[in-house]
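Below is one structure, written out as structure tokens, with a few remarks after it.
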Amino acid sequence: MIRENVNPDECTFSEVLQACSDSKVAFSFRDVEQIHALIMRYGLGSKLIVSNRLIDLYSKNGFVDSSKQVFEDMVVRDSSSWVAMLSGFCKNKREEDAILLYKDMRKFGVIPTPYVFSSVISASTKIEAFNLGEQLHASIYKWGLLSNVFVSNALVTLYSRCGYLTLAEQVFAEMPQKDGVTYNSLISGLSLKGFSDKALQLFEKMQLSSLKPDCVTIASLLGACASLGALQKGRQLHSYATKAGLCSDSIIEGSLLDLYVKCSDIETAHKFFLGSQMENTVLWNVMLVGYGQMGDLNESFQIFSQMQFKGLQPNQYTYPSILRTCTSVGALYLGEQIHSQVLKNGFWKNVYVCSVLIDMYAKHEKLDAAEKIFWRLTEEDVVSWTSMIAGYAQHDFFVEGLKLFRKMQDHGIRSDNIGFASAISACAGIQALDQGQQIHAQSVVSGYSLDHSIGNALIFLYARCGRIQDAYAAFDKIDTKDIISWNGLVSGFAQSGFYEEALKVFSRLHEDGVEANMFTYGSAVSAAANTTNIKQGKQIHARIVKTGYNGETEASNVLITLYAKCGSLVDARKEFLEMQNKNDVSWNAMITGYSQHGCGSEAIQLFEEMRHLGVKPNHVTYLGVLSACSHVGLVDKGLCYFNSMNKDYGLMPKLEHYASVVDILGRAGHLQRAMKFVETMPIEPDAMVWRTLLSACIVHKNIEIGEETGHRLLELEPQDSATYVLLSNLYAVLGRWDSRNQTRLLMKDRGVKKEPGRSWIEVKNTIHAFFVGDRLHPLANGIYDFVEELNKRVVMIGYVQDNNSLWNDLELGQKDPIAYIHSEKLAIAFGLLSLPEMIPIRVMKNLRICNDCHNWIKCVSKVADRAIVVRDAYRFHHFADGECSCNDFW
DNA sequence: CTAGGGTTAG
């Protein structure tokens, strides 16, 4: 036409531009620009219809800034111009610009049309500007446009995306006319927000209105089936889609594959995947999820490599899926490699990718790495914050976790259920009952009163804080109790010292037919270990074997601890030697076990073997080794190990390690050195460190250092009864009775009460408990008589009663001395009376054993020819043939 | 010139 010199007019260009817009061919910027130039050459640039269509063509091909230029150059605009520009912004993900344009438009007094409202509502929905959406709803009402199908459809989507499903349903119900999109909008909304049943029901209604489902309907319904695990229904939809010829749609393909994966039908999924064109990245991503949920990292990695081999780029869906699998199977090395690829491909500020990376590093105890990723993120996102918070809590940095939780809220990020649950668990970790309850209240206000994760966290909070009744109440409130709910009780009680309660719950769980997992066993075994209830421990062991957990490293680890704590090193060693895959925890458990039993050289030998095999020791390992050195009296070696912590392994010694060194020096009598060591510590010494020094001073009868240490301790912890007891013992061993009595009076003045001594022994399935001078036992008379008899027999082999440790000797003269017989003597006497001859006497005591009892038991072990094992608050004492494994230092 | 669909993280 142009070659023939026929002048095109505005109608010509309008039709040409329309044809270009309708065409499925993509136009390059040059193409559109040339048409634009032609329009200008013919002087038609000011024509409304031409400009409007030009705006549209530019933005349809992705050149929205040129559209904007055209729009801004227009002298006169009509309603279509505004709409073209609005939808141009929407098509190019420029929702904010669209909203600003709408506001400009209203300022100019342009009357909004249904076209305008449907576009701008859709824009608000996409950027989750729900408040704006509600305002728009009001305007629509005012302009009487609610009856417009497009507008109301957009409103249905708006309300379902912001979670106001009731409002969405209301708009839906009030619509005079509904089309397929109306149904699709609500179906997809219901399905996305977890109301999958309702979505499927609505589909029935849709069919009754004789509306045919299209690709969108089917895709939404498949999503609903996937989250319900409704494989049958999904298959029906699949065959419908095939018959209706919808299966070539790439989104339907994705939904179908997702259905099979989510329903764990990996075989069908794999077949379907192979039958597809495989040019669709989504399909690869879904396969990654499938293999990930089976824990198959090999296949996952195959998929991950092959997709790249075929030229498909991993995207923000790909990385989280494969990284999550790396995390769950513990493949940190591969995870780190993928991390570097993530950085290279520019995903370093993507919240999805980074949240998994944070989780991965946090779970592998690399909090530094996790923090680095976290603080680089700029998007305000709950999940990345929660990952970091949970990361802190997992490694006992509860305070840091709670600080971050507070900070998150200060940033204006609203916590969700998992955030609240993590914060409550962190409170449980530091037994911050009040704070935990406050956060719980907050979660209720936020509408999470029925949330399962929060309910479980609450159980653990109460159990961990020793609130037995509240814990059970929280437990009963949960209608679908899972293993995590049960574990909350078992581990919470075990960790707060209510071992019997924990074991009770463990038995009940078994009776209820609930399947225990590794966490359950871990907590139950540690409860049994702490009650030295070897019998129940062995029963739990049997159940671990029966449920097939005995191959697990963690199972063997807790069993080693169990047997060691119950005093049976033979069983502990057996478990250690027989286990297949030892990790650092296994070595630590065995080393600590040896050490607690006074087998110092065995502990040290094992430590050397561990290092030789290249297993990296950690803080716990060193605690065991240092205390072993102390038991054997290896001063130089102990100090050498202490220095190697930092030098060889970069471990910063903690207060417990300093206390161990003080113990090593103190036991060997190097009290000056010990004092100097404490005074030059790079961190502030705590009561434990000073108490260790004071105990050594008592043994070595050093009044100067002992007195100073005691006074520092009294300043540090004036309410701790142990200090008063130790200090008065120091005076007693030196015969300084005045000072001793003063100390006692000071304690009385300050209202400090000594924890009453208690001992336990198990005889015939029953735990028998004894207090000092306790006469409550049914066999009390027999027991006291037998103690008397034992006293006579031990005197024959040289036992001399040592009253230094007896607390209240002023009263001693006034009352029956029998009233001061310590609980361990009673328990041992009872054990000797009741247990068969060959069985060793196992007693446990809540406080440290006193000097007199220690001597007495040594002698009793000889005269009664019996092995006696006493576990006191500090360690194990194995008495046999007049000797104790602690070599009289504890 | 307007509305609706699939895959990811704690």
Side-chain angles (χ1 to χ4, degrees), chain A residues 18 21 52-53 55-56 59-60 78-88 90-91 113-122 125 148-158 160-161 179-189 191-192 213-223 226 246 249-259 261-262 280-290 292 314-324 327 350-360 362-363 381-391 394 416-419 421-422 453:
Chain A
Q18 181 70 54
S21 280
N52 290 351
R53 293 208 158 142
I55 291 170
D56 196 42
S59 48
K60 266 195 175 140
D78 68 357
S79 175
S80 296
S81 323
W82 291 93
V83 173
M85 196 61 241
L86 260 179
S87 80
C90 292
K91 278 187 197 106
T113 60
Y115 293 111
V116 170
F117 279 124
S118 44
S119 300
V120 72
I121 288 177
S122 164
T125 306
N148 180 282
V149 182
F150 284 88
V151 173
S152 287
N153 286 351
L155 279 174
V156 170
T157 307
L158 170 83
S160 40
R161 286 302 149 83
D179 63 5
V181 176
T182 319
Y183 278 93
N184 289 347
S185 303
L186 192 53
I187 288 174
S188 105
S191 156
L192 278 175
D214 63 5
C215 285
V216 180
T217 328
I218 300 297
S220 303
L221 292 169
L222 286 171
L246 306 174
D249 183 285
S250 71
I251 293 180
I252 294 287
E253 267 195 328
S255 309
L256 278 169
L257 190 63
D258 185 52
L259 169 83
V261 161
K262 292 255 166 74
N280 180 354
T281 311
V282 173
L283 302 182
W284 295 80
N285 291 342
V286 176
M287 286 312 287
L288 275 182
V289 174
N315 61 18
Q316 63 150 334
Y317 291 88
T318 318
Y319 290 118
S321 303
I322 182 105
L323 284 169
R324 188 178 193 231
T327 307
N350 179 284
V351 285
Y352 285 92
V353 178
C354 289
S355 297
V356 201
L357 283 171
I358 291 168
D359 184 49
M360 177 179 85
K363 287 224 167 81
D381 164 77
V382 217
V383 180
S384 50
W385 283 75
T386 314
S387 308
M388 197 65 237
I389 293 167
Q394 277 155 18
D416 63 6
N417 55 338
I418 300 180
S422 307
S453 310

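Proteins come first, then strands; the chains are lettered A, B, ... in the order of their sequence lines, and each starts at number 1.
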No-H, no-angle donor-acceptor pair, [X] side chain to [N] base, under 3.5 Å:
X: A:Ser118; N: B:dT2; value: yes
X: A:Asp249; N: B:dG5; value: yes
X: A:Thr386; N: B:dG10; value: yes

What is the distance, rounded to the nearest whole Å, between atom [atom1] of [X] and atom [atom2] of [N]?
X: A:Glu253; N: B:dG5; atom1: CD; atom2: P; value: 19 Å
X: A:Asn350; N: B:dT7; atom1: CG; atom2: C1'; value: 13 Å
X: A:Trp284; N: B:dG6; atom1: CH2; atom2: P; value: 23 Å
X: A:Ile55; N: B:dT2; atom1: CD1; atom2: P; value: 13 Å
X: A:Gln316; N: B:dT8; atom1: CD; atom2: P; value: 11 Å
X: A:Tyr319; N: B:dT8; atom1: OH; atom2: C1'; value: 13 Å
X: A:Leu259; N: B:dG6; atom1: CG; atom2: P; value: 14 Å
X: A:Ile121; N: B:dT2; atom1: CD1; atom2: P; value: 15 Å

Margin query: Quick check: do A:Leu246 and A:Asp214 have side-chain heavy atoms less than 4.5 Å from each other?
Written below: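 SC-SC contact between A:Leu246 and A:Asp214 ruled out.
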
Check: Is there side-chain contact between A:Tyr352 and A:Pro320, with at least one heavy-atom pair below 4.5 Å?
Finding: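 They are in contact (side-chain heavy atoms under 4.5 Å apart), so the answer is yes.
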
Scan [X] against the nucleic acid and name what it touches under 4.0 Å (heavy atoms): base, sugar-phosphate only, or nothing.
X: A:Asn148; value: nothing
X: A:Ile252; value: base
X: A:Leu192; value: sugar-phosphate
X: A:Asn52; value: nothing
X: A:Val261; value: nothing
X: A:Ser80; value: base
X: A:Asp416; value: base
X: A:Thr281; value: nothing
X: A:Val151; value: nothing

Next item on the list: Verify side chain to side chain contact (heavy atoms under 4.5 Å, CB included) between A:Asn148 and A:Ser118, making sure each step is shown before the conclusion.
Entry: CA-CA 10 Å; A:Asn148 180 282; A:Ser118 44; 6.0 Å; no

Item checked: Pairing residues for A:Thr182 by the side-chain contact (heavy atoms from CB on, under 4.5 Å) criterion, not counting sequence neighbours ->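 A:Val149, A:Asn153, A:Phe172, A:Met175, A:Lys178, A:Asp179.
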
Considering only [options], which nucleotide approaches the side chain of [X] most closely?
X: A:Val383; options: B:dA9, B:dT8, B:dA3; value: B:dA9
X: A:Asp56; options: B:dT8, B:dC1, B:dA9; value: B:dC1
X: A:Tyr317; options: B:dT7, B:dA3, B:dG10; value: B:dT7
X: A:Asp381; options: B:dA9, B:dG5, B:dG10; value: B:dA9
X: A:Ser387; options: B:dG10, B:dA9, B:dT2; value: B:dG10
X: A:Val282; options: B:dA3, B:dA9, B:dG6; value: B:dG6
X: A:Cys215; options: B:dG6, B:dG10, B:dG5; value: B:dG5
X: A:Ile251; options: B:dT2, B:dA9, B:dG6; value: B:dG6
X: A:Val356; options: B:dT7, B:dA9, B:dG5; value: B:dA9
X: A:Lys60; options: B:dT7, B:dC1, B:dT2; value: B:dC1

Phosphate OP1/OP2 of [N] contacted by [X] side-chain N/O (<4.0 Å):
X: A:Ser87; N: B:dT2; value: yes
X: A:Lys91; N: B:dT2; value: yes
X: A:Lys262; N: B:dT8; value: yes

Item checked: Pairing residues for A:Asp258 by the salt bridge (charged side-chain N to carboxylate O under 4.0 Å, His left out) criterion, not counting sequence neighbours ->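 For A:Asp258, the residues satisfying salt bridge (charged side-chain N to carboxylate O under 4.0 Å, His left out) (neighbours in sequence not counted) are A:Lys262.
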
Item checked: Spatial distance of atom CG (A:Leu357) from atom OH (A:Tyr319) [nearest 0.5 Å] ->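 These two atoms lie 10.5 Å from each other.
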
Next item on the list: Could you tell me whether a side-chain N or O of A:Ser191 sits under 3.5 Å from a main-chain N or O of A:Ile187, the two making a donor and an acceptor?
Entry: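 Pair absent, no side-chain N/O of A:Ser191 close to backbone of A:Ile187.
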
Check: What do you reckon, do A:Tyr352 and the base of B:dT8 stack, with centroid distance below 5.5 Å and planes below 30°?
Finding: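 So yes, this residue stacks on that base, both cut-offs being met.
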
